[in-house]
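Numbers here simply count residues along the sequence, with the first being 1. Computed from a predicted model, the values in this text were never measured in an experiment.
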Amino acid sequence: MVKGIQKILYIMLACLIGLFIASSFFVRAEYHFYEYGDTPHLGKQQLVLFILIIGTVLALSIFLYKLCLKLNKYSWKIVIPATLLFSCALQIAIIFLFPRLPTDDSETVLSLAMNMLYQKDYSTFNTGGYLYMFPFNFSIVLYLKTLLQLFPDNYLVIKIFNILFTLVTTVMIYLLNRELNSKSKEHDYGVLVFGATYIPALFMSNFIYNDVIATAFLTSALYFSVRFIRTRSIKTMILAAILLAIGNYFRSIGVIFLIAVLLSIIFNIRKIGVKKAVASLILMAALFNVPAWSQNAVLQATNVVDESVNDNSAPVYMWLNMGINLNTFGFWDSRQSYNIYQRDAGYNKADSVELFKESISNKLSEASAGDLAKMYFKKLIWTWTEGTYQMERYGMGNDGSSDTGGSRGFKLERYSYTTWATDLFKADSNYRSGVLWVLYVMSFLMYCGIFIRLLSGIRAKRYEETSLILVILGFIAFYLLWEIKSRYIYPVYPLLIVLSYMGFKDFYECVWKKYFLR
């Protein structure tokens, strides 16, 4: 029965991945801030260019894979530190060549951290304040406040810590792959190099927010949970539970990882043993919300707030309402949902819930079934095939050459200073568009690799990657309902790398070497 359920999960994801692959031959999902502003764009695919870039990137991938195979003769004690050092050097170069300034939420949380540190100002928790509305972001504010207190007040320090977290994620990508292929006689340094040089991750170290930190903790938690299933070590599960709780504290989508881990433990209950399985389930659930509860208790004990910070915060219905939008298929709705909570409900959570329910009901009743189906299709395809996690805005930044910015009048982000790189990759340059094309095609090829791995797993009745499958399916389901940004699915990029590498390896060993090299 368990294998039957796992097979169904594999088939479900294979169907969705197949949809992403097939749709890419007809539509191109884009996020280009200068060209389209802060909106998603689905345009007609440029098929000839698309196929040419696929051939180029695939040929380069095969060359690099064969190059990584030659590293098998070297010890991990040499290869891993050298690879991480190389990745670190690339990221340091990026943050100096593209010195992106904080904007939007990034700028807000940083200014709040400075206000708390230097002015002891916690007024943001008062009615209408940023943390009154979005208390879940206090985690990143507290983190930034701690860094500013311990180290020089400099963007560079924060970005260097981002680099360290990215390197942790890279190590976890490698270890997760090794854990899932524990019987492999090869070192599989290819997945390490892939993770260490993955372009969106390299640039996102430039982004001062919670994405990079949460991804490191959540990926680590998943690795230790997978290791627990194999080793049955309670110490390993305790570490997984702690890391998951911290990851969720920084980004509340940790609940998707929690569900995936709990289901994976249940699927392997015979292998683990009933007592250890039950103990691990209780442990994971018990520790999961401890950071949030502790934060709330401290804030009330120090009289920063008089009640729970969640009592009148913006309700989840706000993002669900934002997620139903025929024009932008669930992307930012230009403050329409914010205004319901802020103006119409006067920051009252209970009142806003009723207004949001009414708004959602009206949207669903006014739209035809065809319109809704079209919207959800666009939402799904754009979120998962855009391929850059909006790196060109949040990681690369823009040149800020225009005060109005963009062809649609959106304000561009600015750099601390300009360099030859910011000039070369300015917002309307072909170099920037070229990078976006390469990342788009890389994402497409990753899905092809994942598709191959899923099919080979179903054929061989091998379901060791079930926990990864559950997380990805959870993200797909969640963001089908929620407000979308392709940046929001950034925490699953390590899992996509692992699965796509496995699929690429299957393709190389079973198809390329057997037929093409002959």
Please set out all donor-acceptor pairs under 3.5 angstrom arising from side-chain atoms of residues 45-56, sequence neighbours excluded.
unit_1: Q45; atom_1: NE2; unit_2: S24; atom_2: O; d: 2.5
unit_1: Q45; atom_1: NE2; unit_2: Y440; atom_2: OH; d: 3.1
unit_1: T56; atom_1: OG1; unit_2: L52; atom_2: O; d: 3.0

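Residues Y394 and M204 meet the side-chain proximity criterion, which asks for heavy atoms closer than 4.5 Å. Here the side chains of T197 and F86 are in contact, with some heavy-atom distance below 4.5 Å. Here the side chains of L71 and I78 are not in contact, with every heavy-atom distance at 4.5 Å or above. Contact of the N72 side chain with the L69 side chain is registered, since non-hydrogen atoms from C-beta on lie closer than 4.5 Å. Annotation: side chain of I21 is in contact with side chain of C448 (closest heavy-atom distance under 4.5 Å). Inter-residue side-chain proximity for L499 and L454 is flagged as unmet; no heavy-atom pair is nearer than 4.5 Å. F331 is not listed as a side-chain neighbour of M322, based on a closest heavy-atom distance of 4.5 Å or more. Considering only heavy atoms from C-beta on, Y341 comes within 4.5 Å of P315 through its side chain.
The backbone N or O of N430 lies less than 3.5 Å from no partner atom in the side chain of S433, so there is not a single donor-acceptor pair. Side-chain N or O atoms of N339 include one that pairs as donor or acceptor with a backbone N or O of R335 at under 3.5 Å. Q390 places a side-chain N or O within donor-acceptor distance of the main-chain N or O of S486, the cut-off being under 3.5 Å. At distances below 3.5 Å, at least one donor-acceptor pair connects side-chain atoms of S429 with backbone N or O atoms of K426. Side-chain atoms of Y376 do not come within 3.5 Å of backbone N or O of L480 as any donor-acceptor pair. Of the possible polar contacts, one joining the N162 side chain to the F207 backbone as a donor-acceptor pair under 3.5 Å is found. Although no hydrogens or angles enter the test, the distance criterion places no donor-acceptor pair under 3.5 Å between the side chain of K379 and the main chain of F329. Not a single donor-acceptor pair under 3.5 Å links the side chain of N325 to the backbone N or O of G330.
In terms of heavy-atom proximity, I163 sits nearest to C88 at CG2-SG, 4.0 Å. Taking both residues in full, the closest heavy atoms of P494 and T169 are given as CG-CG2, 3.6 Å, listed atom of the first, atom of the second, then distance. When every heavy atom of G395 is checked against every heavy atom of N206, the shortest pair comes out as O-ND2, 3.0 Å. When all heavy atoms of L156 and I95 are compared, the pair lying nearest together is CD1-CD1, 3.5 Å. Considering every non-hydrogen atom in both R393 and Y31, the closest pair reads CD-OH, 3.2 Å. Nearest approach of L243 to F224, heavy atoms of both residues: CD1-CD1, 3.5 Å.
In this structure, OH on Y479 lies 9.0 Å from CD1 on I489, to the nearest 0.5 angstrom. Of the inter-residue distances, the one linking Y431 atom OH with L436 atom CG reads 15.0 Å to the nearest 0.5 angstrom. To the nearest 0.5 Å, the span separating CZ on F136 from CG on N210 amounts to 8.5 Å. The OG1 atom of T219 sits 13.0 Å away from the OH atom of Y223 when rounded to the nearest 0.5 Å. Put simply, CE on M396 and CD1 on I199 are 8.5 Å apart, with the number rounded to the nearest 0.5 Å. Rounding to the nearest 0.5 angstrom, the gap separating the CG atom in D38 from the CZ atom in F33 is 5.5 Å.
Residue K7 places its NZ atom among 12 or fewer non-hydrogen atoms of other residues, nucleotides or ligands, all under 6.0 Å distant. Summarising the local packing, CZ of F63 is surrounded by 12 or fewer heavy atoms from other residues, nucleotides or ligands at distances under 6.0 Å.
Y174 and D188 share no side-chain donor-acceptor pair at under 3.5 Å. In this model, no donor atom of one side chain and acceptor atom of the other lie less than 3.5 Å apart for R251 and S139. For the 3.5 Å distance criterion, the side chains of E392 and Y34 fail to qualify, holding no donor opposite an acceptor. Counted by atom type alone, Y501 and N177 present zero donor-acceptor pairs between their side chains at under 3.5 Å. For the residue pair D105 / T108, no side-chain donor-acceptor distance below 3.5 Å is found, with atom types taken as modelled. For the 3.5 Å distance criterion, the side chains of D333 and Y338 fail to qualify, holding no donor opposite an acceptor. At a cut-off of 3.5 Å, with distance as the only test, a side-chain donor of T166 or S205 sits close to an acceptor on the other residue. When only modelled atom types and interatomic distance are considered, Q91 and S87 share a side-chain donor-acceptor pair under 3.5 Å.
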Fill in: Verdict with reasoning, Y417 to F96, per side chain to side chain contact (heavy atoms under 4.5 Å, CB included)
CA-CA 9 Å; Y417 53 87; F96 277 106; 3.7 Å; yes
Worksheet item: Are I92 and I160 close enough, and set up right, to give a side chain to side chain contact (heavy atoms under 4.5 Å, CB included), and what steps lead you there?
Response: CA-CA 8 Å; I92 289 174; I160 287 173; 5.5 Å; no
Item to complete: For the pair L244 and F217, evaluate side chain to side chain contact (heavy atoms under 4.5 Å, CB included) and give the outcome as yes or no after the intermediate values.
Response: CA-CA 6 Å; L244 183 57; F217 279 108; over 6 Å; no
Worksheet item: Given E386 and T388, is the side-chain hydrogen bond (donor to acceptor under 3.5 Å, both in side chains) satisfied, shown in steps?
Response: CA-CA 6 Å; E386 190 272 330; T388 74; 2.4 Å; yes
Fill in: Derivation and outcome, side chain to side chain contact (heavy atoms under 4.5 Å, CB included), residues T385 and F444
CA-CA 7 Å; T385 66; F444 170 82; over 6 Å; no
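Ring geometry, H187 versus Y189: the interplanar angle falls under 30°, so the pair is classed parallel (tilted spans 30 to 60°). Ring orientation note: the planes of Y493 and Y490 are tilted relative to one another, at an angle of 30° to 60°. Classified by interplanar angle (parallel below 30°, tilted 30° to 60°, perpendicular above 60°), the ring pair Y36/H32 is perpendicular.
Sorted by first then second residue, the salt bridge (Lys or Arg N to Asp or Glu O under 4.0 Å) pairs that include residues 154-180, not counting sequence neighbours, are E179-R227, E179-R230.
Every residue two or more places apart in sequence or in another chain that forms a ring pair (Phe, Tyr, Trp, His ring centres under 6.0 Å) with F161 is listed here: F151. Legend: residues meeting salt bridge (charged side-chain N to carboxylate O under 4.0 Å, His left out) with E186, ordered by chain and number and at least two apart, are K505. Legend: residues meeting side chain to side chain donor-acceptor pair (under 3.5 Å) with D211, ordered by chain and number and at least two apart, are R487. In this structure E465 satisfies the salt bridge (charged side-chain N to carboxylate O under 4.0 Å, His left out) test together with R453, sequence neighbours excluded.
Side-chain rings of F134 and Y130 approach one another, their centers coming within less than 6.0 Å.
Taking the ring centre of F425 as origin, the terminal cationic atom of R432 falls outside the region bounded by 6.0 Å and 45° from the ring axis. Because its NZ or CZ atom is not both nearer than 6.0 Å to the ring centre of W382 and within 45° of the ring axis, R28 does not count as a cation-pi partner of that residue.
With respect to V191, the side-chain contact (heavy atoms from CB on, under 4.5 Å) criterion is satisfied by exactly one of T170, L176, I497: I497.
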